[in-house]
Amino acid sequence: MHIHEPFFGAFISILIHGALQVLKQDLADSYEPPFKSCVEQGKASSLMCAYNLVNGIPNCANYKLLTTIARGQWGFQGYIVSDCDAVSIMHTKQGYAKEPEDAVAATLRAGN
């Protein structure tokens with residue numbers, strides 16, 4: 001089973017440039033449960049981080065989502081991949097990374 005990391009489907013309209021501000025409670029109550037179920041009950045073997053930013057951090061560079069929550073809290077042991085150009089746009093479109101190499105480094109540090 002392969003699933004997208006939180007926020008992909010609900011926020012397709014802000015796919016590349018989108019920056020969401022999500023309260024911690026909303027994240028835990030509304031967005032995480034379906035993905036948590038896929039990991040814990042469905043035994044997902046991979047996760048794919050989405051393009052958008054959540055609270056100023058691109059999903060693919062978000063250590064809290066990928067490592068602390070998915071791996072730590074949910075016990076995910078599979079592999080995490082980036083969606084198509086998600087790493088590239090951290091530099092080219094979102095301005096999160098100064099250089100392309102910085103985008104790659106941020107992604108690797110987050111747990112991809």
Side-chain angles (χ1 to χ4, degrees):
M1 174 187 283
H2 175 85
I3 61 171
H4 273 75
E5 189 60 27
F7 313 109
F8 182 78
F11 301 105
I12 195 76
S13 65
I14 56 167
L15 188 61
I16 293 175
H17 301 288
L20 306 174
Q21 294 301 316
V22 180
L23 297 174
K24 185 177 179 179
Q25 191 67 45
D26 288 338
L27 180 66
D29 291 346
S30 301
Y31 299 105
E32 291 176 6
F35 297 96
K36 180 179 180 184
S37 293
C38 288
V39 169
E40 293 180 346
Q41 297 170 13
K43 306 297 182 206
S45 60
S46 68
L47 298 175
M48 178 182 287
C49 52
Y51 293 92
N52 56 305
L53 294 92
V54 176
N55 298 333
I57 304 170
N59 279 327
C60 290
N62 195 321
Y63 183 88
K64 184 175 180 179
L65 282 177
L66 301 178
T67 298
T68 303
I69 295 173
R71 293 195 187 278
Q73 294 175 11
W74 302 344
F76 178 70
Q77 296 181 6
Y79 61 94
I80 300 172
V81 300
S82 64
D83 200 352
C84 195
D85 290 330
V87 176
S88 174
I89 67 168
M90 283 190 243
H91 166 68
T92 61
K93 306 267 187 209
Q94 296 170 333
Y96 183 81
K98 184 177 179 180
E99 300 293 333
E101 295 84 357
D102 298 330
V104 172
T107 300
L108 293 173
R109 281 192 301 270
N112 282 298

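Sequence positions, counted from 1, serve as the residue numbers for this chain.
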Rounded to the nearest 0.5 Å, the CG atom of Leu65 sits from the CZ atom of Phe35 at a distance of 10.0 Å
Lys93 side chain to Met90 main-chain N or O, any donor-acceptor pair under 3.5 Å?
no
Just to verify, what does Ser88 make a side-chain contact (heavy atoms from CB on, under 4.5 Å) with, not counting sequence neighbours?
Asp85, Thr92
For the atom pair CG (Leu53) and CG (Asn62), what is the distance rounded to the nearest 0.5 Å?
9.5 Å
Is there a side-chain contact between Lys64 and Ile69 in this structure, where contact means two heavy atoms from C-beta onward sitting under 4.5 Å apart?
yes
Show your working on side-chain contact (heavy atoms from CB on, under 4.5 Å) between Tyr51 and Ile89 and close with a plain yes or no.
CA-CA 8 Å; Tyr51 293 92; Ile89 67 168; 3.4 Å; yes
Under 3.5 Å: donor-acceptor pair, side chain of His91, backbone of Ala103:
no
Are the side chains of Val87 and Val104 in contact, using a 4.5 Å heavy-atom criterion?
yes
Answer whether the closest heavy-atom distance between the side chains of Asn112 and Val81 falls below 4.5 Å.
no
A quick test of your reading: do over 12 heavy atoms of other residues, nucleotides or ligands sit less than 6.0 Å from CD of Gln73?
yes
Looking only at atom types and distance, does a side-chain atom of Thr67 sit under 3.5 Å from a main-chain N or O of Ala110, one as donor and one as acceptor?
yes
Can you find a heavy atom in the side chain of Gln21 that is under 4.5 Å from one in the side chain of Asn55?
yes
Met48 and Ile80: side-chain contact (heavy atoms from CB on, under 4.5 Å), yes or no, with the steps?
CA-CA 6 Å; Met48 178 182 287; Ile80 300 172; over 6 Å; no
Contacts of Ala106 that satisfy side-chain contact (heavy atoms from CB on, under 4.5 Å) - sequence neighbours left out
Ala61, Tyr96, Arg109
Indicate the atoms forming the closest heavy-atom contact of Pro34 with Ser30, along with that distance.
CD-O, 4.0 Å
Starting from Tyr63 and following side-chain heavy-atom contacts under 4.5 Å between hydrophobic residues (I, L, V, M, F, W, Y), which residues can be reached?
none
Cys49 side chain near Leu66 side chain, heavy-atom distance below 4.5 Å:
yes
Would you say Asp29's side chain and Asp26's backbone share a donor-acceptor pair under 3.5 angstrom?
no
Given side chains that start at C-beta, do those of Gln94 and Pro58 come closer than 4.5 Å, heavy atoms only?
yes
Could you check whether any side-chain heavy atom of Leu47 comes within less than 4.5 Å of a side-chain heavy atom of Phe76, counting everything from C-beta outward?
yes
From Asn52 CG over to Asn59 CG, what is the distance, rounded to the nearest 0.5 angstrom?
5.0 Å
